[in-house]
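Here the structure comes first, spelled out in structure tokens, and everything after it is commentary.
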Amino acid sequence: MLEILDEWEIFKTLSDELKRNIRLAFVIDNSAIYVTKDDNVFGFGKNEEGFLGTGDMKSRTVHTKIEQLCGQNIQGLQFSKYTFFAISGSGSVFAWGRNYHGQLGLGTKQRTLIPTKIEGILGTKRVVQVACSSWHTLVLTSDREVVSFGFNHYGQLGLGHSDGQTRAQTLPKKLDFPAAGKVVTAIACLDLSSVALLDSGEVFAWGKNEYSILGYRDDDLEEQNIPRKVPGLEGIAIRRIVCGKYHALALSNDGKVYSWGWNRDVQHGTGTFKDTHRPTLISGNCDRILDVAAHFESSVSAAVTEGNEVYLWGWFNDQKFRSPTKTSFKSLDEVFANIGYKALTFRPLRPKRYEPTKEKNIATEWPKNYFDDADTADVVFVVEGKKIHAHKTILMKRCDFFRAIEESNQREKIIEYYSFEAFYAFLKYFYTNEVDLNPDLLFELITLADFYEMPDLRKECLEIAQRDVLSVVNARANNDDAYQLDVEEFKKFVLKFCKENNI
């Protein structure tokens with residue numbers, strides 16, 4: 001499945017052999033970073049603002065190894081124009097780029113051009129998402145805490161206060177989120193404000209009320225320094241939020257998209273140029289929308305429908321599309337690959353996906369034969385634009401976390417920041433009690449087991465890691481994963497292995 005890379009101009013000159021060896025890739029402004037199957041990380045291209053993590057800002061025609069990220073099982077990379085964050089398979093975060101406001105979370109205000117691990121309170125946490133503007137950063141951990149750092153002049157860190165122009169929060173600090181009994185499932189950054197989605201389907205925002213992005217008219221509210229619910233979405237359960245630099249999009253459980261904020265590039269999709277302070281239903285006659293996309297560094301918005309039709313609106317290649325316009329693109333990734341002035345990835349590219357197949361000859365085994373069965377399922381998980389069908393009763397019997405889906409009557413739920421193959425294996429475990437997964441993704445599955453509080457699955461993964469994954473080649477990387485995941489029994493096993501093999 002090399003076509004996903006071939007849509008990007010920067011990858012077209014690569015050999016098929018190299019493209020087959022790439023498992024993850026990221027692009028911004030004629031620069032690319034990719035991760036190979038053997039867990040090496042390379043960068044090449046323009047290298048604006050030091051995106052390639054090579055210690056300088058010189059362009060690279062030769063693919064250059066990024067030593068600090070090799071062996072880290074990188075699973076994601078989030079970026080603004082000036083700041084860059086890579087998430088490892090064990091949940092560590094590496095940061096580099098501009099840092100005048102401490103937005104890298106490294107305890108300094110010095111520019112850093114080499115990926116550097118964020119410590120402090122994140123040193124012992126497992127991170128599942130990073131969101132960033134050019135000036136501030138939010139982090140979501142596996143235990144559902146939100147952490148922030150960077151510029152806070154308008155309260156965009158959500159810490160209950162605003163700081164002066166010269167002050168900054170240079171180390172990660174936890175937010176006290178004002179939503180008792182509810183947990184944050186996704187975060188997003190705009191230029192000077194922040195947004196979060198809760199498991200209840202509610203959307204909260206804080207920071208500067210620039211272009212009415214907090215849901216209030218500019219004249220009524222200048223800023224707020226703690227998260228508060230966005231008005232105008234009462235009675236609407238939201239399952240996904242995405243943001244551009246000054247506008248936000250919210251996708252509801254029933255497949256409708258609401259937009260608000262700045263609209264001079266018609267990125268709202270409402271048919272007008274007018275800014276709006278209240279979430280407004282986009283115009284057009286799209287079918288039920290399955291997923292939406294936007295990026296901090298772009299003024300285009302896009303959506304894919306249940307019928308796999310791709311729509312876009314906003315400023316795209318010197319044209320302004322006021323309403324959702326049907327395209328010939330086959331995916332949301334393709335939209336962003338074809339932005340002429342600045343192609344960029346809004347999510348990781350996975351050019352070689354493992355496609356799990358259903359087990360055969362299980363007609364007499366229940367509930368194995370009902371996994372991913374569209375005819376009987378009553379809940380659908382959408383991961384990387386692909387559906388996995390499941391049953392609420394089976395999920396709730398084994399995991400209390402899924403009771404929130406039943407209580408909110410959600411039919412569909414978008415899963416972010418995990419790969420399709422890992423989440424497929426995670427759900428399949430509910431039906432089979434078996435781990436069916438490429439061993440390279442075991443630590444991602446352990447992160448899922450921790451997030452959803454599945455101790456039996458965690459134990460099974462660790463047994464497989466000890467039995468099948470550990471080798472002389474990857475022992476050191478596995479040792480780092482063991483410490484990051486705080487798995488005492490695996491730490492001891494790896495240390496013993498290293499001593500026996502003189503590693």
Side-chain angles (χ1 to χ4, degrees), residues 26 28 33 49-51 53 55 66 68-69 72 74-177 184 186-196 206-207 225 227 243 296-297 417 447 480 483-484:
F26 314 89
I28 181 174
I33 290 175
E49 295 295 333
F51 170 68
I66 308 172
Q68 293 76 13
L69 300 182
Q72 296 294 336
I74 297 301
Q75 295 296 320
L77 193 151
Q78 185 65 38
F79 56 83
S80 67
K81 183 176 181 179
Y82 302 125
T83 55
F84 318 103
F85 301 88
I87 304 176
S88 75
S90 59
S92 298
V93 180
F94 295 80
W96 67 103
R98 287 196 193 184
N99 196 30
Y100 306 143
H101 301 286
Q103 61 265 49
L104 298 184
L106 301 175
T108 73
K109 293 183 181 180
Q110 296 177 340
R111 183 196 291 265
T112 301
L113 296 176
I114 293 176
T116 304
K117 184 178 177 181
I118 301 177
E119 298 289 356
I121 62 173
L122 291 183
T124 57
K125 297 285 185 180
R126 291 181 289 281
V127 171
V128 297
Q129 186 195 355
V130 175
C132 60
S133 73
S134 292
W135 323 113
H136 76 293
T137 308
L138 300 179
V139 171
L140 179 63
T141 67
S142 62
D143 52 5
R144 303 142 203 176
E145 292 180 349
V146 179
V147 173
S148 63
F149 40 92
F151 189 51
N152 192 39
H153 186 62
Y154 301 99
Q156 59 264 53
L157 299 188
L159 301 174
H161 61 85
S162 301
D163 295 323
Q165 289 279 3
T166 58
R167 294 186 62 192
Q169 179 68 42
T170 62
L171 287 171
K173 191 168 183 179
K174 178 188 170 186
L175 278 72
D176 292 323
F177 219 87
V184 176
I187 50 176
C189 287
L190 298 98
D191 192 43
L192 297 169
S193 51
S194 306
V195 181
W206 61 98
N225 54 35
C243 294
F296 180 82
E297 291 298 328
Y417 321 115
T447 301
D480 292 342
Y483 274 87
Q484 180 63 34

Heavy-atom pair with the smallest gap, counting every atom of [X] and [Y]:
| X | Y | answer |
| --- | --- | --- |
| Trp206 | Pro227 | CE3-CB, 3.4 Å |
| Gly150 | Leu157 | O-CD1, 3.5 Å |
| Leu175 | Gly158 | CG-O, 3.6 Å |
| Cys132 | Ser80 | SG-N, 3.6 Å |
| Asn99 | Thr108 | ND2-O, 2.9 Å |
| Ala95 | Leu106 | O-CD1, 4.3 Å |

Min side-chain heavy-atom separation [X]-[Y] under 4.5 Å:
| X | Y | answer |
| --- | --- | --- |
| Leu122 | Thr141 | yes |
| Val127 | Leu140 | no |
| Ile187 | Ser194 | no |
| Phe149 | Leu171 | no |
| Leu159 | Gln169 | yes |
| Phe51 | Ile33 | yes |
| Ile87 | Ser92 | no |
| Phe296 | Ser133 | yes |

- Message: If you apply the rule side chain to side chain contact (heavy atoms under 4.5 Å, CB included), what do you find for Val139 with Val146, and how did you get there?
- Response: CA-CA 6 Å; Val139 171; Val146 179; over 6 Å; no
Report the distance from atom [atom1] of [X] to atom [atom2] of [Y], rounding to the nearest 0.5 Å.
| X | Y | atom1 | atom2 | result |
| --- | --- | --- | --- | --- |
| Leu113 | Trp96 | CG | CH2 | 11.0 Å |
| Glu297 | Ile28 | CD | CD1 | 5.5 Å |
| Cys189 | Gln156 | SG | CD | 9.0 Å |
| Gln129 | Ser142 | CD | OG | 13.0 Å |
| Ile74 | Ser88 | CD1 | OG | 6.0 Å |

- Is it true that Tyr82 and Trp135 have ring centroids separated by less than 6.0 Å?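 They qualify: ring centres under 6.0 Å apart.
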- Pair Phe79 + Phe84: ring centers closer than 6.0 Å: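 They do not qualify: ring centres at least 6.0 Å apart.
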- Indicate yes or no: does Lys174 engage Glu145 in a salt bridge with an N to O separation below 4.0 Å.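 Yes, Lys174 and Glu145 are salt-bridged.
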- Between Ser148 and His136, a side-chain donor and acceptor under 3.5 Å: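 Short answer, no.
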- Query: Step by step, would you call Glu119 with Lys125 a salt bridge (Lys or Arg N to Asp or Glu O under 4.0 Å)?
  - Reply: CA-CA 9 Å; Glu119 298 289 356; Lys125 297 285 185 180; over 6 Å; no
- Decide yes or no on salt bridge (Lys or Arg N to Asp or Glu O under 4.0 Å) for Lys81 and Glu49, but give the supporting numbers first. CA-CA 8 Å; Lys81 183 176 181 179; Glu49 295 295 333; over 6 Å; no
- Task: Kindly determine whether Leu190 and Val195 satisfy side chain to side chain contact (heavy atoms under 4.5 Å, CB included), including the steps that lead there.
- Result: CA-CA 8 Å; Leu190 298 98; Val195 181; 3.4 Å; yes
- Message: Tell me whether the rings of His101 and Phe151 are parallel (<30°), tilted (30 to 60°) or perpendicular (>60°).
- Response: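 Rings of His101 and Phe151: tilted, 30 to 60°.
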- Task: Go through the steps for Ile114 and Gln68 under the test side chain to side chain contact (heavy atoms under 4.5 Å, CB included), then give the verdict.
- Result: CA-CA 8 Å; Ile114 293 176; Gln68 293 76 13; 3.2 Å; yes
- Item | Asn152 vs His161, side chain to side chain contact (heavy atoms under 4.5 Å, CB included): CA-CA, chis, key distance, verdict | CA-CA 8 Å; Asn152 192 39; His161 61 85; 3.7 Å; yes
